[in-house]
Amino acid sequence: MLQRISELIGRYRTFLITAHERLDGDALGSELGLYHLLTGMGKEATVYNQDPTPENYRFLPGSDRIVHDLPPLDPVEVAFILDCSELERVGREASRIASAPTLINIDHHISNEGFCDTALVDPQASSTGEMICRVVSHMGLAVTPEAATCLYTAILTDTGGFRYGNTSQGALLAAAGLVAGGADPQWISEHIYETNSPAKIRLLAAVLPTLTIEEGGSVGSLTVTQQAIAAAGALPEHTEGFVDLPRSIRGVMISILYAELPDGRYKLSMRSKGNVNVEQVARTFGGGGHMNAAACRIEGEITDIKRRVLEAIRTSAAS
Ligand code: 5GP
Ligand code: MN
């Protein structure tokens with residue numbers, strides 16, 4: 001598949017690049033890393049995302065060129081769909097994007113449905129960014145400092161700052177190659193992790209009292225309502241990283257962030273330690289992800305949602 005993707009990149013001239021809604025560092029870093037590679041080869045490339053770029057990723061080179069209205073697709077020969085296990089994760093333009101003559105999916109989710117004929121999918125990969133590095137190596141390309149910065153960000157963020165179970169030798173070797181190519185680890189980490197807005201920290205202060213520890217200390221959770229977001233003058237993206245707090249508690253094996261969406265549903269972000277599989281739990285509710293990081297959206301009353309989730313966790317643990 002690497003060979004086929006390299007050939008398609010070599011053969012065509014006009015590319016669209018997109019990723020999932022509610023952007024994270026891997027989605028953005030992979031898109032922009034690929035964008036710099038393609039434009040560096042003299043190709044035309046457009047990065048389209050439904051959602052705006054979260055503030056802490058606006059330092060990524062090229063992020064100011066991302067478009068949020070899908071342009072006419074007539075000239076597009078190849079559309080890359082990155083970090084998506086299902087086509088629908090792209091958002092409301094999914095069906096238009098799917099009409100591009102050639103689609104290429106590069107992804108690392110276990111739950112990938114194989115929606116695309118040309119798909120490079122490896123659940124063992126730490127991140128989509130690491131997989132783009134494989135394309136780069138396969139094609140014998142050199143990364144520019146811009147591409148290296150973006151791809152390093154992708155690997156850094158999807159491994160939780162090189163801490164999660166997916167922090168493999170492959171992830172670290174790819175990251176080291178990117179540092180050799182001009183990525184600056186200290187500068188990048190500072191932009192991602194040390195540029196919080198006061199509103200985010202105000203929101204965190206309002207959310208910390210919702211900490212709940214259940215199931216004999218093994219499940220920790222936080223809850224964020226739309227009301228709390230509004231009262232703190234914060235944005236929905238400001239909840240990123242909150243799920244890591246219950247996970248940091250000794251004995252907690254599963255951490256959950258219940259975040260109310262504008263439509264009243266709840267988005268659950270789940271994280272786990274070791275062999276505890278939260279992807280299975282997310283899948284019960286129509287979501288997915290990875291063994292140690294998964295998410296889903298659930299409709300209903302919050303106490304009822306929490307009861308159903310704990311039940312699903314018990315069922316999953318027993319299987
Ligand atoms: P997060 O909690 O950071 O939003 O998501 C955790 C992981 O689950 C990420 O790898 C993300 O791509 C994946 N994920 C989030 N929502 C969904 C979903 O609705 N379906 C699937 N298959 N994966 C999801
Ligand atoms: Mn990813």
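Numbering of ligands and ligand atoms starts at 1, following listing order.
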Practice problem: Please check if any side-chain donor atom of His108 sits under 3.5 Å from a side-chain acceptor atom of Asp158, or the reverse. | Solution: yes

Quiz item: Are Arg13 and Glu77 close enough for a salt bridge, meaning some N to O gap below 4.0 Å?
Solution: no

Quiz item: In terms of side-chain geometry, is the basic nitrogen of Glu240 or Lys200 positioned less than 4.0 Å from the acidic oxygen of its partner?
Solution: no

Exercise. Output yes if His109 passes the N/O/S-under-2.8 Å test against the Mn ion (ligand 2); output no otherwise.
Key: no

Practice problem: Could you grab the angle centred on the Mn ion (ligand 2), going from OD2 in Asp26 to NE2 in His108, to 10°? | Solution: 90°

Quiz item: Name of the Asp158 N, O or S atom nearest the Mn ion (ligand 2)?
Solution: OD2

Quiz item: Got a sec, which residues hit side chain to side chain donor-acceptor pair (under 3.5 Å) with Glu113, two or more places apart in sequence or on another chain?
Solution: none

Quiz item: Just wondering, is there an N, O or S atom on Asp24 that's nearer than 2.8 Å to the Mn ion (ligand 2)?
Solution: no

Quiz item: Has Asp107 got an N/O/S atom less than 2.8 Å from the Mn ion (ligand 2)?
Solution: no

Quiz item: Heavy atoms under 4.0 Å from ligand 1: which residues qualify?
Solution: Ser85, Glu86, Arg89, His109, Ser111, Lys267, Ser269, Arg271, Gly287, Gly288, Gly289, His290, Ala293, Ala294, Ala295, Arg297

Quiz prompt | All side chain to side chain contact (heavy atoms under 4.5 Å, CB included) counterparts of Ala205, not counting sequence neighbours | solution = none

Quiz item: Is the charged tip of Lys43 near the ring of Phe15: under 6.0 Å from the six-membered ring centre and within 45° of its axis?
Solution: no

Quiz item: By atom name, which N, O or S atom of Asp83 is the nearest to the Mn ion (ligand 2)?
Solution: OD1

Quiz item: What residues, two or more places apart in sequence or in another chain, satisfy side chain to side chain contact (heavy atoms under 4.5 Å, CB included) together with Phe115?
Solution: Ile81, Leu87, Asn105

Quiz item: Phe59 vs His191 aromatic rings, parallel, tilted or perpendicular, using cut-offs 30° and 60°?
Solution: parallel

Quiz item: For the residue pair His109 and His290, does the interplanar ring angle fall in the parallel (under 30°), tilted (30 to 60°) or perpendicular (over 60°) class?
Solution: parallel

